Amino acid sequence: MTPGSAATAPSFAADTAIDDVDLAALADRLGTPLHAYSSSAIRQRIGGLQAALSGLDATICYAVKANPNLAILQLMANAGVGADIVSAGEMRRSLHAGMSAERIVFSGVGKTADEIAGALSVGIHRFNVESHDELLTLQRLAGAQGVTARAAVRINPDVDAHTHAKISTGKSENKFGVSIDEARHWFAERSLLPHVQLDGLHVHIGSQILALEPFRLALQRVAAFRRELEQAGHPVNSIDVGGGLGVCYRAGEDHPVAAADYVAAIREALAGYRGRLLLEPGRYLVAEAGVLLTRVIRVKPGIARQFLVVDAAMNDLQRPSLYDAWHDIVPVSGEPRTPTTYDIVGPVCESGDTFARNRVMPECMAGDLLLIKATGAYGASMASTYNSRPLAPEVLLNQGRYAVVRRRQHFEEMIAGEQPAHHWETT
Ligand code: LLP
């Protein structure tokens with residue numbers, strides 16, 4: 001991820017339509033800010049990955065957290081994709097969207113007893129277990145329901161993913177997974193947990209990874225451990241390679257790994273393994289399919305800088321303020337204008353509410369429509385109503401047509417559940 005400062009001149013290439021839907025007309029009709037996703041682009045990503053996986057016993061379990069909109073989940077389900085979930089809420093969404101429980105895997109360090117029991121009772125495919133305490137809880141709850149839970153141990157391979165510290169997960173200092181040493185003990189004592197079928201390995205080293213090497217290194221460690229386990233008489237029927245494939249946020253600078261190369265590296269590292277392969281891509285499937293449409297409220301000349309104040313804010317897209325993430329920003333109109341340097345900021349009352357610093361743009365004026373690109377993952381999914389700004393609508397685009405898949409939040413919806421403190425009770 002690159003910090004939001006730089007000065008290379010942009011091409012000013014305008015994107016006037018996505019998936020054959022005219023963006024200016026869409027913004028006029030639905031207002032801004034507005035999240036739009038190209039369903040064709042998502043289907044293309046799914047198809048490409050599925051093609052690369054052909055011949056393998058592989059299931060793609062989309063990481064729901066990237067974009068949990070029901071319409072996106074439905075699209076995934078229709079394409080034969082399952083779900084990687086990290087909460088009861090994500091499980092309910094996935095089932096609601098028509099995904100079969102048989103294609104759902106459950107990851108996360110903080111699964112509660114209630115969440116585990118709920119997932120057991122709908123019969124999800126597999127638990128990616130992240131601590132010994134969780135393993136014992138799974139045994140206890142599966143026993144209580146008289147079922148056997150399929151489980152994989154999440155290995156923390158202590159590999160540097162060379163990504164932003166806040167989205168790195170595979171180093172020993174991170175809270176995720178357990179060491180191979182600890183996992184070895186779990187397998188050795190497998191027979192003490194008759195309600196857990198511990199026969200899988202899981203690894204996820206981080207997100208927005210733009211090189212193959214960290215994946216290779218992690219998979220080699222997992223593969224070596226798999227061989228060791230099999231020699232010790234512990235069959236491994238499932239290897240979940242996690243997510244993490246990076247995407248292009250900055251044209252010309254970010255060079256993502258191609259799906260074919262990624263899968264080739266998996267095939268190579270896991271050569272000789274005959275069980276099922278699970279993949280948990282999130283961002284790769286949806287990020288570049290999405291844009292955030294926003295309108296310039298005003299141009300504000302500052303003392304040191306010139307500000308472009310837009311109507312989207314950090315509550316609609318947190319990535320720049322949270323990770324200093326770069327997102328390309330382009331005007332929707334392609335008419336030639338003088339290159340001008342701006343800080344592009346939202347209306348929220350924090351200096352961190354900044355989408356870009358020192359960004360060279362075509363000169364802008366109030367009312368101009370801009371596209372913040374590659375916002376399909378971790379955009380709307382991380383949105384909040386901070387500053388009492390209602391959640392922006394989400395629209396799915398498909399070959400010249402659009403469908404509103406989340407309407408703009410009404411004020412009444414935003415305050416629903418709140419009430420004056422009329423009823424005082426004691427505990
Ligand atoms: N599997 C597990 C266990 C995960 O924790 C994650 C993401 C994924 C799969 C999907 O990773 P992906 O393929 O999307 O990289 N909010 C951050 C990203 C946080 C990712 C958390 N875990 C961002 O906006 O960059």
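Each ligand, and each atom within it, is numbered from 1 in the order the structure gives. Computed from a prediction, not measured in an experiment: that's the story for all the values here.
- Using a 4.0 Å cut-off to heavy atoms of G282, the atoms of ligand 1 that qualify are 12 (P), 13 (O), 14 (O).
- Close approach of ligand 1 to R283 (heavy-atom distance below 4.0 Å) involves ligand atoms 12 (P), 13 (O), 14 (O), 18 (C), 23 (C), 25 (O).
- Between M382 and ligand 1 there is a heavy-atom distance shorter than 4.0 Å.
- Residue-level proximity to ligand 1 for H164 is absent, since no heavy atom of it falls below 4.0 angstrom.
- With ligand atoms numbered from 1 in the order given, ligand 1 contributes 23 (C), 24 (O), 25 (O) to contacts under 4.0 Å with heavy atoms of R319.
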For side chain to side chain contact (heavy atoms under 4.5 Å, CB included), just list the numbers for Y378 and R319, CA-CA rounded to whole Å, side-chain angles, deciding distance to a tenth of an Å, and then say yes or no. CA-CA 8 Å; Y378 308 111; R319 303 193 70 259; 4.0 Å; yes
Let's go through R154 and D240 carefully: what are the C-alpha distance in whole Å and the side-chain angles of both, what is the deciding distance for salt bridge (Lys or Arg N to Asp or Glu O under 4.0 Å) to 0.1 Å, and is it a yes or a no? CA-CA 9 Å; R154 177 167 178 179; D240 183 333; over 6 Å; no
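- Listed by chain and residue number, E213 satisfy the salt bridge (Lys or Arg N to Asp or Glu O under 4.0 Å) test with R216 (two or more places apart in sequence, or in another chain).
- Legend: salt bridge (charged side-chain N to carboxylate O under 4.0 Å, His left out) pairs involving residues 219-238, not counting sequence neighbours, sorted by first then second residue: R184-E228, R226-E230.
- Ligand 1 has at least one atom lying under 4.0 Å from a heavy atom of P281.
- Taking 4.0 Å as the cut-off, R154 counts as a neighbour of ligand 1 on heavy-atom distance.
- Listed by number with element, the atoms of ligand 1 under 4.0 angstrom from any heavy atom of A63 are 8 (C), 9 (C), 10 (C).
- In terms of N/O distances under 3.5 Å, ligand 1 is approached by S207.
- Residue G243 has at least one heavy-atom neighbour below 4.0 Å for each of these atoms of ligand 1: 9 (C), 13 (O).
- When non-hydrogen atoms are compared, ligand 1 lies under 4.0 Å from the backbone of E280 as well as from its side chain.
- A heavy-atom separation below 4.0 Å is found between Y323 and ligand 1.
- Geometric assessment of K111 against the ring of F127 yields a negative cation-pi assignment under the 6.0 Å and 45° thresholds.
- Of the heavy atoms in Q318, none comes closer than 4.0 Å to ligand 1.
- Under 4.0 Å from ligand 1, the heavy atoms of D84 that appear belong solely to its side chain.
- At least one heavy atom of G244 sits closer than 4.0 Å to an atom of ligand 1.
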